[in-house]
There are 2 protein chains.
Amino acid sequence: MAGATAPLLGLQKKSLREQALAALRAAITSGELEPGRHLVETELSEMLQISRGTLREALRQLEQEGLLSAGPRGRLSVRHLDAKEIRDIYSVRAALESLAARTLCELPDRQHVIGSLRSAIEAMAAAEQSSLQDRVESDLEFHRTLCRLTGNETLLHSWESLEGSIRMSIMFAGQDKGVMNMSVDRHYDIVAAIETGDASLARNTIREHMETAAANLVA
Amino acid sequence: MAGATAPLLGLQKKSLREQALAALRAAITSGELEPGRHLVETELSEMLQISRGTLREALRQLEQEGLLSAGPRGRLSVRHLDAKEIRDIYSVRAALESLAARTLCELPDRQHVIGSLRSAIEAMAAAEQSSLQDRVESDLEFHRTLCRLTGNETLLHSWESLEGSIRMSIMFAGQDKGVMNMSVDRHYDIVAAIETGDASLARNTIREHMETAAANLVA
DNA sequence: TACACTCGATCTGTTAACAGTCGATGGTAC
DNA sequence: GTACCATCGACTGTTAACAGATCGAGTGTA
């Protein structure tokens, strides 16, 4: 974490628990807390300048998001993903986003949806020369938008529960591999498929996109 | 909860937090804590005979499972599902179980899988004259098995995150409607489809099963 | 040297108490 | 009667401290 003594948690209005949650999530998905790293509650609470009780609530949530794995006696460590797990995560991700695409295809009026998705892609294009971090953000934002636009809160929530694992997968692969998965063109293909309203085309496009991405990550 | 003064949490070896989690989940999905019911931490901690700190960790998890919804200032209440939400939940469920079925179809040797699934259906058949509670349990156990057999831990975890919502959906509908969704025959169809190895047949069978179930629940 | 035992450090599980905030209640001025 | 204000009660947010368990170092003995 950035500077053990600094007040890592800023002066926002959210609860300390939420701030801790965000800080820990960022630390894990950025690799600052590397996979396999053992987490000690007293250390973390000191770093984050919050009490253990508050910290533990945040840890429970991270555990359920799959960013932490519990060892014997409640010892928590940063989850380590192997190639199979990454493929598995992307399989589930593909299933969820396929559902999203299919749902959007079935909407009678998709113009608004298409517009929103195109905007998201433009944001990706604008970030093409930025840091990897920014590019990943805009990429994930596109896919999150895909789920959000369905209006299916459960779908969005399930996807977001997976988001941390997705980020870890990308981080696991490292810079060189992560780059290839964020082609703007491929995302236009997805939007184009949705625009036609052809659900199986949209589904196949998503699935291919995900299979390619997963394959690149574990290569 | 059963008898406010009784030591609801037995003498198991699991942590108090896990016991509380299980007890609350059961109370919610059984309707003992009815949808919309406002939850007060001090009340619950007294009922469960645990401290608020421990209780709060369990509440965070239930919140993320979608059994509780947060109101202003962190006030929690039992989530209330409307018809659309039930349909949405079953859409996601269908997507996940379709992935499970497809994954199983792609296994080179499915005999062991088929055997396990048949056993699960036999358990359902054996429970046909039992209470609705038992029948729901055996039904969910079949579907959980479907996900577990894929060996995709992420898929199983996503499904289990949805399980509470599924139970609430069934409860919401009440006895009369819930009954129709647990036909043994329909489940044999699913297994038969997997046995043929025809992924799209399996997927369609699952999806029809889910659509029928959701339609019955909201009827 | 090998083995067993004790002591101590380390961490998690759990609890009780304090603090701040929002809403309701009741009283008072106009 | 109404509007405003003070006070009180009810909850959540947060914290520090206690308890119990496990692991390893170090010591004593055969």
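We name chains A, B, ... by the order of the sequence lines, and we start the count at 1 in each one. Note that the structure is predicted; figures quoted are calculated from it, not measured.
Put simply, the side chain of Trp159(B) reaches to within 4.5 Å of the side chain of Arg93(B), judged on heavy atoms. Between Leu81(B) and Ile89(B) there is a side-chain heavy-atom pair separated by less than 4.5 Å. Taking the side chain as every heavy atom from C-beta outward, Cys105(B) and Arg102(B) never approach each other to under 4.5 Å.
The ring-ring contact (aromatic ring centres under 6.0 Å, His included) analysis of residues 127-156 of chain A, with sequence neighbours excluded, yields the pairs Phe142(A)-His187(A), His143(A)-His187(A), His143(A)-His209(A).
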Check nucleotides 18-23 of chain D against the protein and report each pair of N or O atoms closer than 3.5 Å, with its distance, or say if there are none.
from, atom 1, to, atom 2, distance (Å)
dT22(D), O4', Arg73(A), NH1, 2.5

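With rounding to whole Å, Arg17(A) atom CZ is found 12 Å from dT12(D) atom P. If you measure from atom CD of Glu46(B) to atom C1' of dC11(D), you get 14 Å, rounded to the nearest angstrom. Arg56(B) places its CZ atom 8 Å from the P atom of dT12(D), with the value rounded to the nearest Å.
A residue-by-residue look at Gly53(B) and Leu76(A) shows that Leu76(A) has its nearest nucleotide of DNA chain C further toward the 5' end.
Between chain A and DNA chain C, the heavy-atom contact criterion of under 4.0 Å yields a 5' to 3' nucleotide range of dC11(C) to dT14(C).
Screening Leu67(B), Thr29(B), Ile28(B), Leu162(B) for a side-chain contact (heavy atoms from CB on, under 4.5 Å) with Arg167(B), the sole residue that qualifies is Thr29(B).
The distance from atom CZ of Arg25(B) to atom CD of Glu163(B), rounded to the nearest 0.5 Å, is 8.0 Å.
When atom types are taken as modelled, the side chain of Arg37(A) and the backbone of Glu34(A) share no donor-acceptor pair closer than 3.5 angstrom.
Thr103(B) and Glu106(B) share no donor-acceptor pair across their side chains, judged by distance under 3.5 Å alone.
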